[in-house]
S.K.: 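Shown below is the structure under consideration.
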Amino acid sequence: MIDLRLKVDSLPLDVPLIIRLREQTDVELGPHDAVLLDADGDRREYDYNGFSIGVYTRSGESMDSDVLLLLPGQPSAHRLIRANSEHNTFLVTEQCDQLCVMCSQPPKKHHNDMFEHFALAALLAPPNATIGISGGEPLLHKHRLFEMLSVVIETRPDIRFHILTNAQHLEPGDIERVASFGRDRVLWGVPLYSATPTVHDEIVGKVGAFKTLEQGLSVLLRAGASVELRTVVLRQNFNDLPALAEFISTRLGFISFWAVMQLERIGYGRMNWTLSFKDTSTEFDPLARAIDIVSARGIQAWLYNFPACSVPSPYRAHAPSTISDWKRKYLDFCDSCGARETCGGFFQWYDHAEGFTALGPL
Ligand code: SF4
């Protein structure tokens, strides 16, 4: 697995520090750049404005132009941006107002406001980067988040954002601000689990969430925003998927696309695995009908986090490789598979003993 936390030599920091690692000498250096001086085994030494910073990596991979967040008293740095990856995400808060049965990042009460540092990290990102924003629920800190987006969007016209939000905190007064970010600069990833309000509310652990979500989606619609609707396939909503597809295609036709996702076995997803995991390698019909319904009405459906061999061949084109490189793995039987190059495989924390029962090389 790729390290997103890197051991660092202890530094006398009073406040958080953002640095960008530079391993090449032919680039223009800025005030936040730390320049490679020496590499010895797994330790690399950088010069940061006259201070020595030691960073450790096991993999030997390039860290040129990576952006790190160093915190006072912490022996490891957060690798906020990996310059050669398309999967960079800022976890801006661990607070959330929902309690979803499949939550991969169970909420915490405390919030550390790091938006100023995230903004700087985004400004230092490589050209044309797309940065994910997740939580917790990022819009619990809507005004700080919006400030950060405005600064980066204005200063770096090449940077895009993908924001995961439960859309519970968008109000009509936000329409102008959301519109100002630009349709092509921010993609809003919003979860909807069922067209039946009580089923959706039960899955997200919040009474009234469906109704509030409808209002939030209407704000995004009126702002002309790009929206990716996200649905995790669960035992709780599997048979509802065709009805959800009807609802989406008749009421939410403005969305950019629909992402139907397999369950991630981590956090509450692990705790509730037996209750919630739906083995789509043995039963796919309701999902196939749902894809057919939205496709017939011109909405693109994608299958995220589905191993290619868990999807019947007529629907395999809907299942691109989506699991981030740092949390992806393959199993022994994948070695002889002709589809391995295009298949996204499994999450690192997937347990095949409790997982899909009808997989195999293609
Ligand atoms: S055998 Fe492995 S690589 Fe091949 S489609 Fe299945 S999960 Fe993917």
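We count ligands from 1, going down the list as the structure has it; atoms in each ligand are counted the same way.
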S.K.: Below 4.0 angstrom, N of the basic side chain to O of the carboxylate: do Arg20 and Asp33 qualify?
M.R.: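 Looking at Arg20 and Asp33, the cut-off is met.
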S.K.: Below 4.0 angstrom from a heavy atom of Phe346, which ligand 1 atoms are there? Numbered from 1 as shown, please.
M.R.: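 Those qualifying, in numeric order: 7 (S).
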S.K.: Suppose I only count heavy atoms of Pro307 and a 4.0 Å limit; which atoms of ligand 1 are within that range?
M.R.: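 Close to Pro307: 7 (S).
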S.K.: Any N/O/S atom, side chain or main chain, of Cys309 closer to atom 6 (Fe) of ligand 1 than 2.8 Å?
M.R.: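 Looking at Cys309, which is the residue asked about, there is an N, O or S atom under 2.8 Å from atom 6 (Fe) of ligand 1.
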S.K.: Which atoms from ligand 1 have a heavy atom of Pro361 less than 4.0 Å away?
M.R.: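 Answer, ordered by atom number: 1 (S).
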S.K.: Can you list the ligand 1 atoms lying under 4.0 Å from a non-hydrogen atom of Phe333?
M.R.: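 The atoms of ligand 1 under 4.0 Å from a heavy atom of Phe333 are 1 (S).
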S.K.: What I want to find out is whether Arg340 reaches Asp335 closely enough, with some N-O distance under 4.0 Å, to be called a salt bridge.
M.R.: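 Answer for the salt bridge query: yes.
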S.K.: Could you check whether Glu137 pairs with Lys108 (Lys NZ or Arg NE/NH1/NH2 to Asp/Glu carboxylate O, under 4.0 Å)?
M.R.: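 Not counted as a salt bridge, because no side-chain N and carboxylate O are separated by less than 4.0 Å.
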S.K.: Of the choices Cys343, Ala308, Cys337, which has the non-hydrogen atom that lies closest to atom 4 (Fe) of ligand 1?
M.R.: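 It is Cys337 that holds the nearest heavy atom.
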S.K.: Could you check if a side-chain atom of Phe257 sits within less than 4.5 angstrom of a side-chain atom of Trp302, using non-hydrogen atoms only?
M.R.: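 Yes; the side chains approach each other to less than 4.5 Å.
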S.K.: Run the contact test for Gly345 against ligand 1 with a 4.0 Å cut-off on heavy atoms, strictly below, and give the result.
M.R.: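 Gly345: no contact with ligand 1 (<4.0 Å).
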S.K.: Tell me whether the guanidinium CZ or amine NZ of Arg265 lies under 6.0 angstrom from the six-membered ring centre of Trp273 and within 45° of its axis.
M.R.: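 Positive - Arg265 is close enough to the ring of Trp273 and near enough to its axis.
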S.K.: Of all the heavy atoms in Ser310, does at least one lie under 4.0 Å from an atom in ligand 1?
M.R.: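 Flag not set, Ser310 not near ligand 1.
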S.K.: Between Arg270, Arg328, Lys327, which is the residue that forms a salt bridge (charged side-chain N to carboxylate O under 4.0 Å, His left out) with Glu264?
M.R.: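 Testing Glu264 for a salt bridge (charged side-chain N to carboxylate O under 4.0 Å, His left out) against Arg270, Arg328, Lys327 leaves exactly one candidate, Lys327.
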S.K.: I want to confirm something. Looking only at heavy atoms, which of Gly360, Ser336, Cys334 is nearest to atom 3 (S) of ligand 1?
M.R.: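 The option holding the nearest heavy atom is Cys334.
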S.K.: Would you call Lys7-Asp42 a salt bridge at under 4.0 Å N-O?
M.R.: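 No, no charged N to carboxylate O under 4.0 Å.
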